[in-house]
Amino acid sequence: MSIKRVGIVGSGIMGSGIAESAAGHGFDVVLRSRAKATADGMVAGMEKSLAKQVDKGKLTPEERDAALGRVTAVSDLGELAGCDLVIESVVEDIAVKKHLFSELDRICGEHTILATNTSTLPVVDMAMETGRPDKVCGVHFFNPAPVMSLVEIVRPITASDGTIAAARSFAEACGKTPVEVKDQAGFVVNALLFPYLNNAVRLLEQQVATREDIDAAMKGGCGFPMGPFALLDLVGLDTSLAILDALYAEYRDPNYAAVPLLRRMVSAELFGRKSGKGFYDYRA
Ligand SMILES: NC(=O)c1ccc[n+]([C@@H]2O[C@H](COP(=O)([O-])OP(=O)(O)OC[C@H]3O[C@@H](n4cnc5c(N)ncnc54)[C@H](O)[C@@H]3O)[C@@H](O)[C@H]2O)c1
C-alpha cells in the first residue's frame, strides 16, 4: 500500500523527532498531543531543529518551509481518521498503549496501519486490542530520530507480510535503514544496550569511578560517541527504567534487573535532559 499521510501520537522526545523525519521526507504529518498547546509547541521545536539544519547547509530555507507546511498539530484523536499510517509514541506503559490502540482502531479507516514506537513492550498485545491485528507492527526509531539511521521493524506473529513491507518502505522513504526484528522484548538494540547501561549505574553505585570517568572510559576505550550516563540522560531515566522492567519481566535475567540507584533517581524525578537534571545537570 502507498503511505502518504502519517499520524503521530505523543508529543515527547520521540514523537517530535519522528514527525520531523517524516515531514522532512515528503509525508503529510498529523501530530496529536492531548493538549493543543503541546502539539503547537512541538511544531515550534521542529522549526528550531530544521533552522539548525538550514544553518548547517543540510536543508534549503524552501525545504524547511515545505516540511513545516506538511505538519498539522491537533489535540483530537479523531483527526487521525484519514491517515494511512499512525505511529504511537506515548509513554512506555502497556495499559496506556493498549487503550490507545483500541481507540485508534475505532477511529481510523480500515486500510490504516497502526504502529508502535515501543522500545520493549509486546507488540502483539497492542495488535490484539484491535480488529486488525494483521495491520499492526512496530516501527522503532532511535533517539534523536532525525539523526539516527536505524529503524527496527518489529513483526508480531499476527502481522501480514504486506504490513511489514509497507512499514519497511516508509522507513526507507524517511531516509532510514530498516532492520526486521522479532516481537521479543528489547528487539535487537535495547536487548544488547540495556544490560550495559544498567551495569554502568551499578559501577557508579559501587563507586568504582565517577560518572564523568565512566563516560570518558567508554568513549576513549570503546570509541562510543557518548558515555552511558550521557546516553541515559538523553533517553530519559523514566523511559530507561520502564525498558529495564519490561526486559526483566520477559527474561528474568539479573542483568536486566534495574539497579536501585536508577529506580531512586526516577522516584526523585531526575529524568535526565527532559526534566533538566539526571546524572548531569542541564539547567545552567
Ligand atoms: N527516549 C528514547 O530514547 C526512545 C527511543 C526509542 C523509542 N522510545 C519509545 O518511544 C515512546 C515515547 O518515549 P519518549 O522518550 O518520547 O517519552 P517522553 O516521556 O518524552 O514522552 C511521552 C509522551 O507520552 C505522553 N503520555 C503520557 N501519558 C499518557 C497517556 N496516559 N495517554 C497519552 N499520552 C500520554 C506524554 O504526554 C508525552 O507526550 C516510548 O514507548 C519509548 O519506549 C524512546
Side-chain angles (χ1 to χ4, degrees), residues 7-21 31-43 45-46 73-77 80 86-104 107 114-123 125-126 129 137-154 171 174 176 178-179 181 183 185-194 197 225-226 228-247 249-250 266 269-276 278 282:
I8 311 284
V9 188
S11 49
I13 307 170
M14 293 307 292
S16 32
I18 298 168
E20 185 182 323
S21 300
L31 198 53
R32 189 268 181 175
S33 181
R34 286 173 295 178
K36 177 73 166 64
T38 314
D40 289 340
M42 281 172 80
V43 177
M46 207 181 290
V74 303
S75 58
D76 177 6
L77 207 59
L80 299 173
V86 175
I87 305 173
E88 75 72 23
S89 192
V90 302
V91 64
E92 186 78 341
D93 177 321
I94 192 65
V96 173
K97 289 189 191 286
K98 279 167 78 169
H99 177 69
L100 184 57
F101 268 80
S102 67
E103 290 275 280
L104 289 170
I107 288 162
L114 303 179
T116 173
N117 184 44
T118 183
S119 303
T120 36
L121 298 170
V123 181
D125 288 2
M126 298 172 226
E129 290 297 310
C137 68
V139 176
H140 183 215
F141 283 77
F142 288 79
N143 186 7
V147 176
M148 301 300 279
S149 63
L150 178 68
V151 173
E152 287 178 325
I153 304 294
V154 187
C174 288
K176 306 297 186 193
V179 167
V181 296
D183 179 21
F187 318 125
V188 171
V189 173
N190 287 337
L192 293 174
L193 177 65
F194 271 83
L197 293 176
M226 62 173 73
F229 299 112
L231 182 54
L232 280 161
D233 279 354
L234 179 72
V235 169
L237 270 57
D238 51 341
T239 302
S240 298
L241 179 60
I243 289 171
L244 281 165
D245 284 346
L247 285 163
E250 182 116 314
V266 172
E269 298 182 2
L270 298 169
F271 298 146
R273 282 179 181 272
K274 64 183 166 189
S275 67
Y282 302 89

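Atoms within a ligand are numbered from 1 in the order they appear, just like the ligands themselves. Since we're looking at a predicted model, the values are computed, not measured.
Residues meeting the salt bridge (charged side-chain N to carboxylate O under 4.0 Å, His left out) test with Lys176, sequence neighbours left out: none. Remark: Phe271 engages no residue in a ring pair (Phe, Tyr, Trp, His ring centres under 6.0 Å) (not counting sequence neighbours). Every residue two or more places apart in sequence or in another chain was checked for a salt bridge (charged side-chain N to carboxylate O under 4.0 Å, His left out) with Glu152, and none qualifies.
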Begin from the C-alpha positions of Met126 and Leu121 and carry the test side-chain contact (heavy atoms from CB on, under 4.5 Å) through to its verdict. CA-CA 9 Å; Met126 298 172 226; Leu121 298 170; 3.9 Å; yes
May I have every N or O pair linking ligand 1 to the protein at under 3.5 Å, one per line with atom names and distance?
{"unit_1": "ligand 1", "atom_1": "1 (N)", "unit_2": "Val235", "atom_2": "O", "d": "2.8"}
{"unit_1": "ligand 1", "atom_1": "3 (O)", "unit_2": "Asn143", "atom_2": "ND2", "d": "3.0"}
{"unit_1": "ligand 1", "atom_1": "8 (N)", "unit_2": "Ser119", "atom_2": "OG", "d": "3.3"}
{"unit_1": "ligand 1", "atom_1": "10 (O)", "unit_2": "Ser89", "atom_2": "OG", "d": "3.3"}
{"unit_1": "ligand 1", "atom_1": "10 (O)", "unit_2": "Asn117", "atom_2": "ND2", "d": "3.1"}
{"unit_1": "ligand 1", "atom_1": "16 (O)", "unit_2": "Ile13", "atom_2": "N", "d": "3.2"}
{"unit_1": "ligand 1", "atom_1": "16 (O)", "unit_2": "Met14", "atom_2": "N", "d": "2.9"}
{"unit_1": "ligand 1", "atom_1": "19 (O)", "unit_2": "Lys274", "atom_2": "NZ", "d": "2.8"}
{"unit_1": "ligand 1", "atom_1": "20 (O)", "unit_2": "Ile13", "atom_2": "N", "d": "3.0"}
{"unit_1": "ligand 1", "atom_1": "24 (O)", "unit_2": "Val91", "atom_2": "N", "d": "3.0"}
{"unit_1": "ligand 1", "atom_1": "26 (N)", "unit_2": "Arg34", "atom_2": "NH2", "d": "3.3"}
{"unit_1": "ligand 1", "atom_1": "37 (O)", "unit_2": "Arg34", "atom_2": "NH2", "d": "3.1"}
{"unit_1": "ligand 1", "atom_1": "39 (O)", "unit_2": "Ser11", "atom_2": "N", "d": "3.0"}
{"unit_1": "ligand 1", "atom_1": "39 (O)", "unit_2": "Ser11", "atom_2": "OG", "d": "3.1"}
{"unit_1": "ligand 1", "atom_1": "39 (O)", "unit_2": "Gly12", "atom_2": "N", "d": "3.2"}
{"unit_1": "ligand 1", "atom_1": "41 (O)", "unit_2": "Val90", "atom_2": "O", "d": "3.3"}
{"unit_1": "ligand 1", "atom_1": "41 (O)", "unit_2": "Glu92", "atom_2": "OE1", "d": "2.5"}
{"unit_1": "ligand 1", "atom_1": "41 (O)", "unit_2": "Lys97", "atom_2": "NZ", "d": "2.8"}
{"unit_1": "ligand 1", "atom_1": "43 (O)", "unit_2": "Glu92", "atom_2": "OE1", "d": "2.9"}
{"unit_1": "ligand 1", "atom_1": "43 (O)", "unit_2": "Ser119", "atom_2": "OG", "d": "2.7"}

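Counting heavy atoms from C-beta outward, Leu197 and Val235 have side chains that stay 4.5 Å or more apart.
A donor-acceptor pair is defined here as one N or O able to donate and one able to accept, closer than 3.5 Å; such a pair exists between the side chain of Glu92 and the backbone of Ser119.
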